[in-house]
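Letters A, B, ... mirror the listed sequences (proteins, then strands); counts begin at 1. Since this is a predicted model, take the numbers as computed values, not measurements.
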Amino acid sequence: MSRSADVDAPLGASDPHTTTRRAARTRFAPSPTGFQHIGGYRTALFSWLLARHTGGQFLLRIEDTDTARTVPGAVEAVIDGFRWLGLEIDEGPEVGGPYGPYFQTQRRDLYLAHAEQLIAGGHAYRCFCSPERLERVREEQRSRGEPPRYDRHCRYLAPKDIAARLAEGQGYTVRLACPTTGKTIVHDALRGDIAFENASLDDRVLLKSDGLPTYHLAHAVDDHLMEITHVLRAEEWIPSAPLHVILYDALGWEPPVFAHVPDVLASQGGKKLSKRFGALPLLEYRERGYLPQAIVNYMALLGWSYDDKSNVLSLEQLIAAFDLDRVGVAPARYDEERLLWFNGYYIRQLSPEELVEQALPFMERSEAAGGLPDSVARPLDKAYAARVLHLEQERMKTLAEAPAMTSFFFERELRYEPQTLIAKHMDADRTLDGLRRSQATLEALAGWEATEMESRLRELVAELGLKPVQLFTSLRVAVTGRTVSPPLFETMETLGRDTSMQRITLAIEALAAHAG
RNA sequence: GCCCCCAUCGUCUAGCGGCCUAGGACAUCACCCUUUCAAGGUGGAGAUCACGGGUUCGAAUCCCGUUGGGGGUACCA
């Protein structure tokens, strides 16, 4: 039996939903009309976390009913994104599952059957109105200052009239017959009850004239049939949520728990993050040298928090801690700086092996693509690259910075202004002398260890009456070509004796020539 | 226009009536460490809790209103 929406008790008012106690089946249901960005994946992450936290399942369903806007490759990209983030999908395209198919275009008979059922039950009706008439009606309403809504022209068509049009072969859509009085209550797990006047509702199209369902019908049928318990979706769905409550009721079904998660705003302006406003497709972050752990940690904290202290949280910790009750309702702003901090943090946590594994592809890219200079032979020596990367590890904010940061370890020739060899409060002559004395000191060394070089050169610094920075700056530029580098002695050790000595010799020559 | 959502440091947030002279993180500033840059450590600045009314012995926390921002208003999702 289905409750009448026109009686006093508002629809949905007494649904006693708990949020996260039972095993949750959640889903992410994107339409393949573009590429998902952080906003979309954030909602998906919350859904995934809820499923994992409760020991339930997470499914991926493709809402491809808008065939005209479907973009090739979008489905693969979504799946690739989940794989990259480390969020495994329990049921969906590619992995399959007992509730498939997971593409809505392959489920049209299901929607058709339910549409018929709704019509038979008087909860929906066929609408023969042309798009032109619809537009005209809306225009008139607007000009009168009324909210544009379907005027329900076909809702009250006589049965024989309908039969006649059908016999004629007229096309039609199927619309939901909304109650016209009373209220419908949408229970939102994050915001509580939201009340809507039924009089303000619109009899939206459930089934398009091409026989494919709109989102309203399709998602309800699928979520019910797939036994989804919690629907997490963007807050833009709140306005149509009452329709969904009515629809579930008309179908005789218990609605799932709805949680409308807040938007993620673009870093500039007050607009929602989107392709137009500051959003990058998720996989673009991979190209730019971001680590999935950083993205996940950052996204989890956009609109959700564990307590007043926790900041760094692993996926495992997130699973253990996640709770719908701690998801906020206010929109959050996308903050690149914070993401970058997380990324640097997670890069620092990488083991030497993991770091090479992750960074090598960026270094071996072509020079034009941001890799090491093309003059450097590929493939790179892994062991050497590992040592080099380890030296730069704590300075890296993204993996994509690795090539520029480490190029002097690989290049044969350095290019720099001889002037930069001279440290502050130094002159060319004293620098030249320091360099020459250093050269002799290093030459006399039996081995080539950083600690050994350091103690010998520190003795030299004292002997010359200089400050460490005065001599080491020159050596640094000589050996790396830069004023900023990893610690000098480890750098020289890694570079090797031959290269280091050769560069110091070159620096002496260059400075001598420069000083005239 | 109409409907709906939201409102604590620049940003992400903690706070669910007294623990708050509002806590943490990013960013920022200073200092320490130090061969540069980072990383790390310490400390600082930064929020009249949008505003105005209530309720209460007591409000960032509850209620109402205002303002501001956002979303929806398709045979798109």
>> So, applying salt bridge (Lys or Arg N to Asp or Glu O under 4.0 Å) with D203(A), which one of R152(A), R126(A), R149(A) is it?
In response: R152(A)

>> Please evaluate residues R233(A) and D223(A) with respect to the criterion salt bridge (Lys or Arg N to Asp or Glu O under 4.0 Å), reporting the C-alpha separation (whole Å), side-chain torsions for both, the decisive distance (0.1 Å), and the verdict.
In response: CA-CA 13 Å; R233(A) 61 189 0 175; D223(A) 283 340; over 6 Å; no

> What heavy-atom pair brings D64(A) and Q104(A) nearest, and what distance separates the two atoms?
Replying inline: OD1-N, 3.2 Å

> Considering all heavy atoms of both residues, which atom of L495(A) and which atom of V479(A) are nearest to each other, and what is their separation?
Replying inline: CD2-CG1, 3.3 Å

>> Counting only heavy atoms and a strict 4.0 angstrom limit, can you tell me which residues of residues 267-274 of chain A come near RNA chain B?
In response: G270(A), K271(A)

> Of all of residues 213-222 of chain A, which get a heavy atom below 4.0 angstrom from RNA chain B, listed by number?
Replying inline: P213(A), T214(A), Y215(A)

> Across the strands shown, which category fits G328(A) at heavy-atom distances under 4.0 angstrom: base, sugar-phosphate, nothing?
Replying inline: nothing

> What nucleic acid atoms does P262(A) come within less than 4.0 Å of, heavy atoms only: base, sugar-phosphate, or nothing?
Replying inline: nothing

Going by purine N1 to pyrimidine N3 plus the second Watson-Crick contact, or the G-U wobble pair, all under 3.5 Å, which nucleotide sits opposite [N]?
N	answer
G52(B)	C64(B)
U73(B)	G1(B)
C37(B)	none
A27(B)	none
A22(B)	none

Residues [X] and [Y] bridged, charged N to O under 4.0 Å:
X	Y	value
D66(A)	R69(A)	yes
R326(A)	D307(A)	no
R456(A)	E454(A)	no
E146(A)	R142(A)	no
R191(A)	D188(A)	yes
E401(A)	R395(A)	no

Rounded to whole Å, please give me the gap between [atom1] in [X] and [atom2] in [N].
X	N	atom1	atom2	result
F35(A)	A77(B)	CZ	P	19 Å
D263(A)	A7(B)	CG	P	13 Å
L302(A)	C6(B)	CG	C1'	16 Å
R348(A)	G40(B)	CZ	C1'	9 Å
H244(A)	C4(B)	NE2	P	17 Å
K275(A)	C76(B)	NZ	C1'	12 Å
L457(A)	U35(B)	CG	P	13 Å
E135(A)	U73(B)	CD	P	14 Å

Out of [options], which nucleotide sits closest to the side chain of [X]?
X	options	value
D66(A)	A7(B), A77(B), C3(B)	A77(B)
K208(A)	U35(B), C76(B), C3(B)	C76(B)
E235(A)	C5(B), U35(B), C6(B)	C5(B)
P147(A)	C3(B), C75(B), C2(B)	C2(B)
R204(A)	C12(B), U73(B), A14(B)	U73(B)

Using only heavy-atom distances, decide whether a donor-acceptor pair under 3.5 angstrom links the side-chain of [X] to the base of [N].
X	N	answer
R395(A)	C37(B)	yes
R69(A)	C76(B)	yes
S31(A)	C76(B)	no

>> Can you check the distance between G69(B) and C37(B), where both ends of the measurement are the P atom (answer in whole Å)?
In response: 45 Å

> Can you tell me how far P in G65(B) sits from the matching atom in C4(B), rounded to whole Å?
Replying inline: 12 Å

> Is the H244(A) ring parallel, tilted or perpendicular to the H216(A) ring (thresholds 30°, 60°)?
Replying inline: tilted

> So how far is it from L176(A) CG to L243(A) CG, rounded to the nearest 0.5 Å?
Replying inline: 5.5 Å

>> For nucleotides 22-31 of chain B, give me one character per nucleotide, 5' to 3': B if any protein heavy atom sits under 4.0 Å from the base, S if the only such contacts are to the sugar-phosphate, - if neither.
In response: -BSBSS----

> What about the rings of F82(A) and F28(A), do their centers lie closer together than 6.0 Å?
Replying inline: yes

